[in-house]
Amino acid sequence: MEPHPTGAVRPLPRDALPCATVELARFLLGRMVARALPDGVVSGRIVETEAYLTGDAASHAFRGMTARNRSMFRTRGHAYVYLAYGASFMLNVSSEGEGVGEAVLIRALEPVGGVVLMQRHRGTAKLRDLTRGPGRLAQALRIDRALDGLDLCAAGPLWLGDDGGAGAGEIGISTRIGITRDAERPLRFFLRGNPFVSGPAALNR
DNA sequence: AGTGCGATTGACT
DNA sequence: GTCAATCGCACTA
């Protein structure tokens with residue numbers, strides 16, 4: 001199917017999302033994230049994800065539910081947004097059922113719609129610097145803690161979508177980036193060869 | 001109440 | 001390639 005001519009991003013209904021976290025992380029590759037703002041809609045294609053699982057020492061939910069991570073425990077398709085290193089917001093999609101603390105981190109997008117807006121938000125014109133990395137894409141889409149807990153399966157300020165474009169392509173797998181505990185698990189997924197994937201080249205093969 | 005530490009980024013050598 | 005900024009949060013006492 002061709003991308004919709006107007007660039008519209010149809011929301012993905014919840015029952016289209018795989019329940020299992022690793023399956024969801026792979027499923028989301030090639031799908032869209034769309035953000036509605038007063039000046040227009042900004043969107044990008046997901047090219048890199050990571051899974052955070054139950055019993056995973058790298059996960060924020062490892063020690064149970066807290067005020068920060070409670071959105072991870074919602075049923076699949078809800079936003080878990082948190083601030084990392086005091087400066088960068090991270091967008092996750094909750095997975096599994098209500099009460100299970102698992103999620104998929106969106107690590108990189110390929111810019112699709114509203115590039116001029118993204119350039120303004122990021123303070124750079126360079127396409128490759130707009131949404132390569134979880135903190136960068138959050139800034140490009142103006143995602144912050146106010147969106148934590150949002151349902152991403154319906155049109156609203158932020159949603160997951162399918163524009164009918166780009167089939168996923170070949171999926172690469174590696175260890176996750178920037179963690180120290182449970183660092184050897186192959187839970188990072190990316191579209192091989194896509195220039196908007198973050199991380200060191202050695203992990204992108 | 002105090003402390004240590006990040007699911008990162010951008011500036012710099 | 002190296003490295004410091006920055007602050008909310010979870011943990012200790």
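Convention: sequence-line order gives letters A, B, ...; per-chain numbering from 1.
Both cation-pi conditions hold for R176(A) and Y52(A): the charged atom is under 6.0 angstrom from the six-membered ring centre and inside a 45 degree cone around its axis.
Per the geometry, OH belonging to Y82(A) stands 14 Å off C1' belonging to dA10(C), to the nearest Å. Put simply, OH on Y85(A) is 13 Å from C1' on dC3(C), counting in whole angstrom units. Rounded to an integer number of Å, the gap from CZ of R181(A) to C1' of dA10(C) is 10 Å.
Counting heavy atoms from C-beta on, the side chains of Y80(A) and D148(A) come closer than 4.5 Å. In this structure, V81(A) and M90(A) have side chains that are not in contact, with every pair of non-hydrogen atoms separated by 4.5 Å or more. With a 4.5 Å cut-off on side-chain heavy atoms, P134(A) and R107(A) count as touching. When side chains are defined from C-beta on, S71(A) does not count as touching H78(A), because their heavy atoms never get closer than 4.5 Å. Side-chain contact between Q119(A) and L130(A): present, with at least one pair of heavy atoms (C-beta onward) separated by less than 4.5 Å. Side-chain atoms of F189(A) and V22(A), non-hydrogen and from C-beta on, do get closer than 4.5 Å to each other.
Between R132(A) atom CZ and L127(A) atom CG the span is 11.0 Å, to the nearest 0.5 Å.
The 5' end of DNA chain B is approached more closely, in terms of each residue's nearest nucleotide, by L83(A) than by the other of L83(A) and R136(A). Between A87(A) and R145(A), it is A87(A) whose nearest contact on DNA chain C lies nearer the 5' terminus.
Counting non-hydrogen atoms under 4.0 angstrom, A58(A) reaches a base of the nucleic acid. Across all strands shown, R68(A) has heavy atoms under 4.0 Å from sugar-phosphate atoms exclusively, and none from any base.
For DNA chain C, no neighbouring residue in residues 92-131 of chain A is found when judged by any heavy atom under 4.0 Å.
For dA7(B), there is no paired base (Watson-Crick or G-U wobble, both distances below 3.5 Å).
Extent of DNA chain B lying under 4.0 Å from chain A heavy atoms, first and last nucleotide in 5' to 3' order, is dG6(B) to dG10(B).
For the side chain to side chain contact (heavy atoms under 4.5 Å, CB included) with R45(A), the lone residue among V33(A), L109(A), V112(A), V9(A) that qualifies is V112(A).
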